J.: 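One structure, as structure tokens, below. Some questions next.
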Amino acid sequence: MALAFEVLGRFNRARAARLTLPHHVCQTPLFMPVGTQGTIKGLTNSQLEDIGCQIILGNTYHLALRPTSELLDEVGGLHKFMNWQRGLLTDSGGFQMVSLLHLADITEKGVTFQSPVDGKPMLLTPEESIEIQNRIGADIIMALDDVVKTTITGPRVEEAMYRTLRWIDRCIAAHKRPHDQNLFGIVQGGLDPILRDICAKGLVERNLPGYAIGGLSGGEDKNSFWRVVAQCTAALPEHKPRYVMGVGYPLDIVVCSALGADMYDCVYPTRTARFGTALIPEGVLKLKHKAMADDTRPIDPTCPCMVCKNYTRAYIHCLVTKDAMGSQLLSYHNLYYMLQLSRNLHSSIVEGRFPEFVCDFLHKMFPKGDVPEWVCDAMEVAGIDISSCCAPFSSCEEYDSKSMPEEVSLAR
């Protein structure tokens, strides 16, 4: 295997680890920004290094279309093509089964996509997905899985789970660079605990370098979300990394880390930045609001990032509606926030103060003590007492982002 995973600290299910990859030594828990085609929109690689980015996620489907995996292979891989010295992870293209379903036809052989570039059919098989990812050369590559939305029920979920297990064997057989690249399997099974258990056990039997929990963040309720994460992290090996795919809301990352997950990715921090929204400890701040027009404070007075040190809310308010610089500054700040959150999770676990960190995080986000009920339930399973964060004489609240003040709404 082309990785080493060393747990440095624990608190019950939560763990902080050192993940050594061919191109970088990482600290977990860690958040991975999404650079679909080898770039984080609006940020340079040096900026990403400055804010502590450890791994960038690339998309196999889009990279295969442009610039093509053949070109990437010719120039020595995506690391050299984009001049990035740290870790890279490529997804398999499986998620496009959901996001581009109107363009896709799924069979046992693979997935046939209608190319959004020229309209021609493009067959992506497990073997082809791995061959493309071998050319791209990322540190971590993902097995092609059959992805269905978590809101779908019935026989399609079971079909997809068993197909995912059959496809992992084809991916393993096709993988030509196991000493350079780490193939992760993906646990599927929708919201069915029996199917999730079958899939997790089947993948563990294959003794892969790491494992992902897939098929979430697709519209399922939060109670179902955390229970799937808790079940899967408990079923996956202690000595290997666990990656929850598509998770990027700060609250979700704190909860999943408490339940024993290590890695996360999402477009949320940069996508919400392009809509003029900043991540802050209290939730979010919408810089397009008229109230920001004469607000001379930084986005977050407690944040030491370059944006908060040098620019005011009023200045960014002027930019976000008219100038690309606004989304670039907010992307920088939001990714700094996410990467700092990752560092704080790691250090709090290593230093034995993880419960205090969680309570402080929740106090800031829910100052009235109205912590969502699903968070309370998840933290109870994680063995973390958050009673000091909850309003006295009241139970935790059901989470409803619409009921929160707009300026700190999580804006799902």
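Please read all numbers here as calculations on a predicted model, not as lab measurements.
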J.: Can you tell me if CZ on R271 sees more than 12 non-hydrogen neighbours from other groups inside 6.0 Å?
T.: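 Check fails, neighbour count at 12 or below.
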J.: Among R242, R15, K240, find the residue that satisfies the side chain to side chain donor-acceptor pair (under 3.5 Å) test when tested with D262.
T.: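 The single option meeting the side chain to side chain donor-acceptor pair (under 3.5 Å) with D262 is R15.
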J.: Write down the atom of P29, the atom of A16, and the distance for their closest heavy-atom approach.
T.: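 That closest heavy-atom pairing would be CD-CA, 4.3 Å.
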J.: Is any side-chain N of the basic residue among E282 and K364 closer than 4.0 Å to the acidic one's carboxylate O?
T.: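 Between K364 and E282 there is no salt bridge, as every charged N stays at least 4.0 Å from the carboxylate O atoms.
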J.: Salt bridge or not for E356 and R353, using N-O below 4.0 Å?
T.: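 Looking at E356 and R353, the cut-off is not met.
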J.: How long is the gap from CD on Q340 to CG on L279, to the nearest 0.5 Å?
T.: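 Answer for the CD-CG pair, Q340 versus L279, is 13.5 Å.
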J.: Take the angle between the ring planes of H79 and H23 and call it parallel below 30°, perpendicular above 60°, tilted in between.
T.: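 Rings of H79 and H23: parallel, as their planes differ by under 30°.
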J.: Check whether the ring centres of Y249 and Y268 lie less than 6.0 Å apart, and answer yes or no.
T.: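 Between Y249 and Y268, the centre distance is under 6.0 Å.
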J.: Crowded around K288 NZ? As in, over 12 foreign heavy atoms under 6.0 Å?
T.: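 Result for NZ/K288: enclosed.
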J.: For Q37, does the CD atom sit with more than 12 other heavy atoms under 6.0 Å from it, leaving out its own atoms?
T.: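 It does: Q37 CD has more than 12 such atoms within range.
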J.: Should the ring pair Y337 and H333 be called parallel, tilted or perpendicular, given that the plane angle runs from 0 to 90° and is split at 30 and 60?
T.: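 Tilted: the ring planes of Y337 and H333 meet at 30° to 60°.
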J.: Return the OG1 to CZ distance between T90 and F184, rounded to the nearest 0.5 Å.
T.: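 Here the interatomic distance stands at 11.0 Å.
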J.: Are side-chain N/O atoms of N334 and S331 paired as donor and acceptor at under 3.5 Å?
T.: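 Result is no, nothing qualifies.
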J.: Inspect the contact between D295 and R297 and indicate whether a charged nitrogen and a carboxylate oxygen are less than 4.0 angstrom apart.
T.: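 Salt bridge: yes.
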J.: Might you confirm whether atom CE of M306 has over 12 heavy atoms from other residues, nucleotides or ligands at distances under 6.0 Å?
T.: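 Result for CE/M306: enclosed.
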J.: Does a donor on one side chain and an acceptor on the other come within less than 3.5 Å for Q181 and N134?
T.: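 The criterion, which ignores hydrogens and geometry beyond distance, is satisfied for N134 and Q181.
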J.: Between Y264 and S257, does the side chain to side chain donor-acceptor pair (under 3.5 Å) criterion hold? Intermediate values first, please.
T.: CA-CA 10 Å; Y264 313 94; S257 296; 2.8 Å; yes
J.: Assess the side chains of R135 and S69: does a donor N or O sit below 3.5 Å from an acceptor N or O?
T.: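 The answer is yes; a qualifying pair exists.
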J.: Check the side chains of T164 and Q188 for a donor-acceptor pair under 3.5 angstrom, ignoring hydrogens and angles.
T.: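 No donor-acceptor contact under 3.5 Å links the two side chains.
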J.: Do the side-chain N and O atoms of T296 and R313 include a donor-acceptor pair separated by under 3.5 angstrom?
T.: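 Checked: T296/R313 side chains show no N/O donor-acceptor pair below 3.5 Å.
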J.: Taking the basic N atoms (NZ, or NE/NH1/NH2) and the acidic carboxylate oxygens, is any pair closer than 4.0 Å for R10 and E238?
T.: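 Yes, R10 and E238 are salt-bridged.
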J.: Charged N to carboxylate O below 4.0 Å: is that the case for R86 and D139?
T.: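 Here R86 does not pair with D139 in a salt bridge, since their nearest N and O are not under 4.0 Å apart.
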J.: Would you tell me whether E49 and N45 have side-chain atoms, one donor and one acceptor, within less than 3.5 Å of each other?
T.: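 Side chains of E49 and N45: no pair found under 3.5 Å.
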